[in-house]
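Below you'll find the structure, written out as structure tokens, and then a few comments.
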Amino acid sequence: MARSTNARKPAGTAAQADEPMLPIEAPRRQRNRIGKKSIAGRFDPAVARAFAILAVKEDSTIEAMLTEAVLDLLQKYNQPIEK
């Protein structure tokens, strides 16, 4: 549920009551998710740990590494990405 900057304002005229609620700016973490879709899977803990170590060694993030892997897999199977 979106937050509003108009919350708990005293009741005023009818014109003020009809004003739209203004959302508070989303935190940076959520702004990075706008327009994106989550893809998830369950992996053996050893695989997850090895993947996290690889991301650290490569000075990257797990999400960036997963993006690279998924794009490589799509290219391998000649699957075009349509927007």
Show which side-chain atoms of residues 49-68 pair as donor or acceptor with protein atoms under 3.5 Å away, not counting sequence neighbours.
residue: T61; atom: OG1; partner: A64; partner atom: N; Å: 2.9
residue: T67; atom: OG1; partner: E63; partner atom: O; Å: 2.9

When Ile, Leu, Val, Met, Phe, Trp and Tyr are grouped by side-chain heavy atoms lying under 4.5 Å apart, directly or through other members, which residues fall in the same group as F43? V47
Output a table of donor-acceptor pairs, distance under 3.5 Å, between side-chain atoms of residues 71-83 and any protein atom two or more places apart or on a different chain; print 'none' if there are none.
none

